[in-house]
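Remember, predicted model here, so these are calculated numbers, not experimental data. Indexing begins at 1, ligand by ligand and atom by atom, following the structure's order.
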Amino acid sequence: MKHEIKITKNTSPKAKPDPSTLGFGDVFTDHMFLLDYDEGVGWHDARIVPYAPIALDPAASVLHYAQEMFEGLKTYKAQGGGVKLFRPDMNAKRTSRTNERLCIPPIDEEFYVDAIKALIDVDRDWVPDYPGTSLYIRPFIIATEPFLGVRPSNSYKFIIILSPVGPYYKTGLAPTKIFVEDEYTRAAIGGMGCAKVGGNYAASLKAQMKAHALGYSQVLWLDGNERKYVEEIGTSNAFFAMRGEVWTAPLSGTILPGITRDSVIALLKDWGVSVREERFTIGEVYGAYDAGELSEVFASGTAAVISPVGELRWKDRSIEIADGKIGSLSQRLYDEITGIQSGRLPDAHGWTVDV
Ligand SMILES: *Cc1c(COP(=O)(O)O)cnc(C)c1O
């Protein structure tokens, strides 16, 4: 599937924000990418146009039954100029798997990456050049058919927007407080836990608000069946350094296969650290803590890269992890991954792509 991308330049570009004041996801660039799908025609009309609201029929099925998927990745100003993407082929592959789960027609993976590159090229000036900043890329697909029956839509829009973002932690890497959620769950076997879909996020808001009200920044999700197996932390994957190994939940359908997770596992293995992708319970985590064998907990995801956990609370019991400080593995992983992303460190795995 080869598409020509038609480019219409924005004739009234916006003023760029001061890169030292950037937050997350509230500023957008001058252009967006669009691709339409219609049954019988396939994906068509690839174009880059000025960033603007889109018109939707109020009956568009995404508004009623949430047939929607999204992705998230970042592009970085490279050391010595140029712009780098981190493993965009993995986002393309994950999009294909999410689309399959959601009955959205597939998009050619090579074209998907080409579309991201073409949009970045047009908005190249928007990639911020300030420590810790990047340009966040949000590809997403919505079902657009005006029809209230429940079945897959026969028309879609694939859209990519860009947002310059600041460092996740304004004052540098910092430990977070995490609430172990044992009432609400995120995913069940056979559900959509392994797909990156908006619906999963809508379902997670209630627990997030509960954690915030109790003074915690995120939740640790337990499995939907027995509420004892550790799954994910908020919208990131979870790692536990305990009993001399690093444990993370396996990709068995209920957790999101994070690209940062995959990168963390590869680096840990490079460093000779034993990684166990096996089910384990929150009880085992507390047991390791009581035995003095829980050294660190951290989360991994595109937004924060690595997020060390300083406190866990499960039911009435709070435990302090790594003395409430940043663990050494967390710091090393953060430095290594952000170093590779910006081109400061060698990229032995061939993860970065120049745009
Ligand atoms: C996106 C996401 C992650 C992290 O994936 P990355 O590819 O590392 O950004 C983890 N969990 C959930 C639920 C997510 O949506």
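- Looking at Lys228 and Asp223, no side-chain N of the basic residue comes within less than 4.0 Å of a carboxylate O on the acidic one, giving no salt bridge.
- With sequence neighbours excluded, the residues forming a side-chain contact (heavy atoms from CB on, under 4.5 Å) with Asp89 are Arg87, Lys93, listed by chain and number.
- By the 30° and 60° cut-offs, the orientation of the rings of Phe298 relative to Phe239 is parallel.
- Classification of Glu181 and Arg227 as a salt-bridged pair fails, no side-chain N sitting under 4.0 Å from a carboxylate O.
- For ligand 1, the 4.0 Å heavy-atom shell takes in Arg94, Arg186, Lys196, Tyr201, Glu232, Thr235, Ser236, Asn237, Leu256, Gly258, Ile259, Thr260, Gly301, Thr302, ordered by chain and residue number.
- Remark: Tyr168 pairs with no residue by the ring-ring contact (aromatic ring centres under 6.0 Å, His included) rule, at least two apart or across chains.
- Identified under the side-chain hydrogen bond (donor to acceptor under 3.5 Å, both in side chains) test for residues 62-73, with sequence neighbours left out: Gln67-Tyr156, Glu71-Asn91, Glu71-Arg94.
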